[in-house]
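Below, chains carry the letters A, B, ... as their sequence lines are ordered, and counting in each starts from 1. The shown structure was predicted, so the numbers you read here are calculated from the model rather than taken from an experiment.
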Amino acid sequence: MIRFHNTLGGEVEDFVPIEPGQVKLYTCGPTVYDFPHIGNWRAYIFEDLLKRFLAFRGYKINHVMNITDVDDKTIRGAQARGVGLDEYTRPFIEAFGRDRDTLNILPADHYPRATAHIPEMVELVKTLLEKGFAYRRDGSIYFAIDRFPAYGRLSKINLEDLRPGSRGDADEYEKESVHDFALWKAPKEGEPFWETVIGPGRPGWHIECSAMSVKYLGKTFDLHCGGVDNIFPHHENEIAQSEAANGVKFVNTWLHCHHLVVDGEKMSKSKGNFYRLADVLAKGYDPLDVRYLLLSTHYRKMLNFTFEALDQARTARQRIGDFLGALKDVSGTATDGAPIDPLIEAARDGFVAGLDDDLNIAEALAAVFTLIKNVNPLLARGEVSKEEAAKVAAFFAEIDTVLAIKPSPTIAGSGKIAKGGYAASGTASVSGGGGISATGEALIADRQKARAAKDFATADAIRRELLAMGIVLEDAKDGVRWKKVGPPKG
RNA sequence: GGCGCGGUACCCAAGCGGCUAAGGGAGAGGUCUGCAAAACCUCUAUCCGUCGGUUCGAGUCCGACCCGCGCCUCCA
């Protein structure tokens, strides 16, 4: 039984989907006014883990992720650049897709864009007006919070307790109550707007998620995810709009992932600790090492991003890669060592039990590393048969449908991924994915010749040269193994 | 002020009432190796922010306190 911590109620509870075997999932997507930073990716990777694990447990998933392509920031950005909204947001949408693939995140089933769903939003606002939950003021339409008594249930907020914030937003005209929020914003000079039956204007921030989720998932669906900062007001407002309009429960389970901080502090451009994915990759790190790091801390815990932690993540992932390489090299037939099957089963049980428990990734990973720890000694003593090694490798392939931290064939082909290759003794013909340059191959071959001639000075010089190229050599009994490594530690 | 999160070894991080406190990284010694690397073996928290309490028994429950952090209408 899978259990999740539901923000609504604040407790870990059994997960029971509305339709057996099916999960309807909505995750808050990017506002495409800029490139995402690694904190955004932390959230998307958490959602990917969630999704992959649900699939692993046999669920079919219908995943919707919105693309917010009209809001204050996209409008401001487009104006500043003197281009249309569509032209302004397009590169960010494309970059989002690229980075998502780079991080091995499965695409959603639907990526509805706000600008493509104006009629649905208008319809929803119309319903709210008709039902008396909304009112007009100076061309804008607001949601009247005091008509929705359940307001504040998700975030456990009492409106009276809210610290009165600065109310200098020029968009806010006269509202009945300070906390009422805009469903529809009156047109302003120079801003894009739509002519609709509820009047000209553009949608408020929250309405798109309510309108698009109902379209693709129905009035009530299973899971809604986002960052903790979305709890209030965004998700609170979504609940108010959706439940007021539809008269039924909006979402059964809310999952919120905690923030990522850098060196213990919130990322900010002024502090110089603000990283986008490209900034990290530019330092030579493998994107899947980044994925591993962002994945390996429980989603409800604040994640402190440091390059030291990234180095540790890389090493941990390397240990898995080395282990898989060693499995590949097993050629022996049989053995009377300890049986492998129980070790694999124990690992699988631990892995599933961990993730079943509100995605306890640490427990799941511990089970995986324990398997490595148990099999490596057998490997070292030559007590693993080829068949057994294949079984262990198959297990890793199985769990990697969830973790997705191993080089995938497509990305490995680009040669960016640290992956063990293997060169038969003396020939340096490399096999296996990962790719290595022709000069690299030639150097390995030269070094093998030098070693055969006991010219160790030359051999070591070549090894250093390859290291400078980011290639580490490991001399094994039956040949030389190479792997690519990232930037130097420290 | 309100709501919430966290403080477990040198670092990261599980455990949340009961065997010798997971796992990863780093470090020390050893085996293997031409040397390395990887792997293996051994070691590295009598103790889980502090002080009380409950209990036969507490990082694990209760209370108080001390730190660090997040949100309170831009924000994953």
- Determine: side-chain N/O of A:Asn360 to OP1/OP2 of B:G15, distance under 4.0 Å, yes or no. yes
- Message: So that I know where these two stand, are A:Phe221 and A:Phe250 an aromatic pair - ring centroids less than 6.0 Å apart?
- Response: yes
- Does the aromatic ring of A:Phe369 sit over the six-membered base ring of B:G23, closer than 5.5 Å centre to centre and tilted less than 30°? no
- Looking only at side chains, do A:Ser155 and A:Glu236 share a donor and an acceptor under 3.5 Å apart? yes
- May I have the distance from A:Ile462 (atom CD1) to B:C35 (atom P), rounded to whole angstrom? 19 Å
- Would you mind reading off the distance between A:Ile157 atom CD1 and B:G4 atom P, rounded to a whole angstrom? 10 Å
- At under 4.0 Å between heavy atoms, what does A:Asn40 touch on the DNA or RNA strands: base, sugar-phosphate, or nothing? base
- For B:A14, does OP1 or OP2 lie under 4.0 Å from any side-chain N or O of A:Lys301? yes
- Query: If you look at every strand shown and take non-hydrogen atoms under 4.0 Å, does A:Arg153 touch a base, only sugar-phosphate, or nothing?
  - Reply: nothing
- May I ask you to check whether A:Phe305 and A:Phe307 place their ring centers less than 6.0 Å from one another? yes
- Task: State whether the distance check finds a donor on one side and an acceptor on the other, under 3.5 Å, for side chain A:Asp229 versus base B:C74.
- Result: no
- Item | Distance in angstrom units between A:Ile231 CD1 and B:C3 C1', rounded | 10 Å
- Query: Got a donor-acceptor pair under 3.5 Å from the side chain of A:Arg300 to the base of B:C5?
  - Reply: no
- Can you tell me which stems RNA chain B forms, taking runs of 3 or more consecutive Watson-Crick or G-U pairs with both distances under 3.5 Å? B:1-7 with B:66-72, B:10-12 with B:23-25, B:27-31 with B:39-43, B:49-53 with B:61-65
- Message: Starting the side chain at C-beta, find the nucleotide from B:G24, B:C3, B:G15 nearest to A:Asp357.
- Response: B:G15
- Note on the structure: With A:His256 as partner, the option from A:His235, A:His224, A:Arg300 fulfilling side-chain hydrogen bond (donor to acceptor under 3.5 Å, both in side chains) is A:His235
- Message: Counting only side-chain nitrogens and oxygens, does A:Lys373 get under 4.0 Å of the OP1 or OP2 atom of B:G23?
- Response: yes
- Message: With a 4.0 Å limit, can you tell me whether A:Arg319 has a side-chain N or O closer than that to the phosphate oxygens OP1/OP2 of B:G23?
- Response: no
- Of the listed nucleotides B:G70, B:C12, B:C35, the one nearest the side chain of A:Gln312: B:C12
- Task: Could you classify B:G59 for me, syn or anti, using a glycosidic angle within 90° of 0 as syn?
- Result: syn
- Query: Atom CZ of A:Arg381 and atom P of B:A38: how far apart are they, to the nearest Å?
  - Reply: 20 Å
- Message: Please report whether the ring centroid of A:Phe96 lies less than 6.0 Å from that of A:Tyr44.
- Response: yes
- Item | Aromatic ring proximity, centroids under 6.0 angstrom, A:Phe274 and A:His37 | yes
- Message: Using the side-chain heavy atoms of A:His179, tell me which of these nucleotides is nearest: B:G24, B:C40, B:U73.
- Response: B:U73
- Aromatic centroids of A:Phe92 and A:Phe35 separated by under 6.0 Å: yes
